Amino acid sequence: MADPKGFLTTGREVARTRPVDERLKDWNEVYVPGSLLPIISKQAGRCMDCGIPFCHNGCPLGNLIPEWNDYAYREDWAAASERLHATNNFPEFTGRLCPAPCEAACVLGINQPAVTIKNVEVSIIDKAWDTGDVRPQAPDRLSGKTVAVIGSGPAGLAAAQQLTRAGHTVAVYERADRIGGLLRYGIPEFKMEKVHINRRIEQMRAEGTKFRTEVEIGRDVDAAKLRRRYDAVVIAAGATVSRDLPAPGRELNGVHFAMEYLPLANKVQEGDFVAPPITAEGKHVVVIGGGDTGADCVGTAHRQGAASVTQLEIMPRPGDERAAGQPWPTFPMLYKVTSAHEEGGERVYSVSTTHFEGDEDGNVQFLHLIEVEFVDGKLTQKPGTERRIPAQLVTLAMGFTGTDRSNGLVEQFGLDLDERGNVARDAEFQTNVPGVFVAGDAGRGQSLIVWAIAEGRSAARGVDRFLTGASELPAPIRPTDRALTV
């Protein structure tokens, strides 16, 4: 193990964030650059090297966490990077964006603060990039088989990299103007600077992966023709249909889906706009939805100079400690204060929007809400609690309902859907159409980045077996696997 007394003598210490008044003036990542390396070896030494490391079960990738914790403790960064990459194609993504179910399952977390697994992970990979330990891994020989990957989010990129390294010729199709999917345009720069995506894309290009941007399968290219052109196809198009709010006044100007709002802010950072077409500057902003996407809208609105920011959540406020019904090692629903929440704004729980109110020009001005509660398991409005709040920009961040069907992709392939509207697949991640596979949110439904990468890796094995009859690629999960919850 690392330090046999580490967790007894060293307390949990996490990455430091920059002062709020400083970071609100820019779009750089919120953490103090270089603040982790001086403390991370000791933090890695808190790993207990338990007999049964439940962190493996908490992580769908099966990350070898005790092993790279030990290497990080000994400051053998090259070995730590090798162990990290053995199970995860993109640890710099998960180390910044994953909610760390591995930490919720950490054995130390039974009665002490868990190991800072996520901080150790990001420290290892950032060090590996700095020292040149991340290199292209081109295949020794080509198989002569071709694969098209539809979508360049974490699932598509993971599948593409695995299949390229297996010797297949892979082309990734992305309907946006840049590679990255929601990593590129759904995640604000202050959570993950896009340099991390760019250098991975360059690594993949050097390995042989081809990228085709501004090509939407179903609209620009017929899906059936694409299937005939390639030996196999992986659909990793995500679950991009936003959940709507059919309340009176929804049609007013200023009411937008989060995924209409956030990408424009990112495009400013890419240099496409001087100012975003949709901005929070000087406006009273209301964010509907209490999840990570909602928090991203909150942080973005702060940086754009909103007059006020209010985040609404229909569910009650989560507790600060594990509830009795969410025992270790399951992932608990806890009250979470993100960096965006540290920056200001108000969070309102147990409320539901009744309608929007606009001015004579059709612009939203107020949001009317009412308090709600659960009675006999049903959500019920509380009479007499109605009120209105200023709302000149409203973002709907209530999650996603499935993959996009408006572009014709599902119909042109002739794909079957499951009862939840996701693309159905078998144990090999193959759809009802031979040679067409599905990975990520398109098949699983809205999920975490770590599940998307695990799905991409697992689907790659299915594709490899389909093309060659056998595969040595790893498959960390099955299509039916779910997170460790109650």
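What you see is a predicted model; the values in this text were computed from it and never measured.
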Is there a side-chain contact between [X] and [Y], using heavy atoms and a 4.5 Å cut-off?
| X | Y | answer |
| --- | --- | --- |
| Val287 | Thr310 | no |
| Arg178 | Ile197 | no |
| Phe257 | Arg243 | no |
| Ile453 | Asn88 | yes |
| Ile65 | Cys102 | yes |
| Leu183 | Pro154 | yes |
| Tyr261 | Met259 | no |
| Leu417 | Val423 | yes |

Test item: [X] side-chain N/O and [Y] main-chain N/O as donor-acceptor pair under 3.5 Å:
| X | Y | value |
| --- | --- | --- |
| Thr164 | Ala160 | yes |
| Thr468 | Asp464 | yes |
| His302 | Gly344 | yes |
| Glu174 | Ser152 | yes |
| Asn57 | Gly62 | no |
| Glu455 | Gly440 | yes |
| Gln43 | Gly11 | yes |
| Asn69 | Cys47 | no |
| Thr146 | Asp231 | yes |
| Glu346 | Gln311 | no |

For [X] and [Y], which heavy atoms make the closest approach, and how far apart are they?
| X | Y | result |
| --- | --- | --- |
| Ala442 | Val438 | CB-CG2, 3.8 Å |
| Leu84 | Glu121 | CD2-O, 3.6 Å |
| Ser41 | Ala72 | OG-O, 3.0 Å |
| Asn407 | Leu409 | OD1-N, 3.0 Å |
| Gly399 | Gln446 | CA-OE1, 3.3 Å |
| Ser471 | Arg461 | O-NH1, 3.2 Å |

Pair [X] + [Y], salt bridge at N-O below 4.0 Å:
| X | Y | value |
| --- | --- | --- |
| Arg347 | Glu313 | no |
| Asp292 | Lys336 | yes |
| Lys191 | Asp296 | yes |
| Lys118 | Glu103 | no |
| Lys378 | Glu373 | no |

What's the spacing between [X] [atom1] and [Y] [atom2] if we round to 0.5 Å?
| X | Y | atom1 | atom2 | result |
| --- | --- | --- | --- | --- |
| Phe374 | Asp376 | CZ | CG | 12.0 Å |
| Leu448 | Cys98 | CG | SG | 6.0 Å |
| Asn111 | Leu108 | CG | CG | 7.0 Å |

If you measure only the distance, is there a donor-acceptor pair under 3.5 Å linking the side chains of [X] and [Y]?
| X | Y | result |
| --- | --- | --- |
| Thr403 | Asp441 | no |
| Asn119 | Arg12 | no |
| His56 | Asn63 | no |
| Asn89 | Arg457 | yes |

Would you please name every residue forming a ring-ring contact (aromatic ring centres under 6.0 Å, His included) with Phe413, sequence neighbours left out?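 Residues passing ring-ring contact (aromatic ring centres under 6.0 Å, His included) with Phe413: none at all.
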Could you list the residues that satisfy ring-ring contact (aromatic ring centres under 6.0 Å, His included) with Phe54, not counting sequence neighbours?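 Partners of Phe54 by the ring-ring contact (aromatic ring centres under 6.0 Å, His included) criterion, ordered by chain and then number, come out as Trp328.
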Taking only distance into account, with no hydrogens and no angle test, what donor-acceptor pairs under 3.5 Å do side-chain atoms of residues 28-35 form with protein atoms, sequence neighbours excluded?
residue, atom, partner, partner atom, Å
Glu29, OE1, Arg96, NE, 3.1
Glu29, OE2, Arg96, NE, 3.1
Glu29, OE2, Glu193, N, 2.9
Glu29, OE2, His196, NE2, 3.1
Ser35, OG, Val32, O, 2.9

Has [X] got more than 12 heavy atoms of other residues, nucleotides or ligands less than 6.0 Å from its [atom1]?
| X | atom1 | result |
| --- | --- | --- |
| Arg478 | CZ | no |
| Arg482 | CZ | yes |
| Ile52 | CD1 | no |

Could you go through the salt bridge (Lys or Arg N to Asp or Glu O under 4.0 Å) check for Asp404 and Arg175 one step at a time? CA-CA 12 Å; Asp404 188 359; Arg175 63 182 178 180; 3.1 Å; yes
Parallel, tilted or perpendicular: which one describes the rings of Tyr230 and Tyr173, with boundaries at 30° and 60°?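 Perpendicular, since the angle between the ring planes exceeds 60°.
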Would you please test Ile150 and Leu226 for side-chain contact (heavy atoms from CB on, under 4.5 Å) and show each step? CA-CA 10 Å; Ile150 302 173; Leu226 186 81; 3.8 Å; yes
Quick one: do Arg303 and Trp27 satisfy side-chain contact (heavy atoms from CB on, under 4.5 Å)? Show the steps, please. CA-CA 8 Å; Arg303 282 160 181 77; Trp27 292 81; 3.6 Å; yes
Before you tell me yes or no, could you show the steps for Gln203 and Gln161 under side-chain contact (heavy atoms from CB on, under 4.5 Å), namely the whole-Å CA-CA distance, both residues' side-chain angles and the distance that decides it to 0.1 Å? CA-CA 9 Å; Gln203 180 200 35; Gln161 187 167 64; 3.1 Å; yes
Kindly determine whether Val170 and Lys210 satisfy side-chain contact (heavy atoms from CB on, under 4.5 Å), including the steps that lead there. CA-CA 6 Å; Val170 180; Lys210 310 297 182 185; over 6 Å; no
Please determine whether salt bridge (Lys or Arg N to Asp or Glu O under 4.0 Å) holds for the pair Glu343 and Arg23, giving the CA-CA distance in whole Å, both sets of side-chain angles, and the decisive distance to 0.1 Å. CA-CA 9 Å; Glu343 295 161 1; Arg23 67 189 195 231; 2.7 Å; yes
Stepwise salt bridge (Lys or Arg N to Asp or Glu O under 4.0 Å) check, Lys194 with Glu270: CA-CA 9 Å; Lys194 300 309 176 277; Glu270 297 280 3; over 6 Å; no
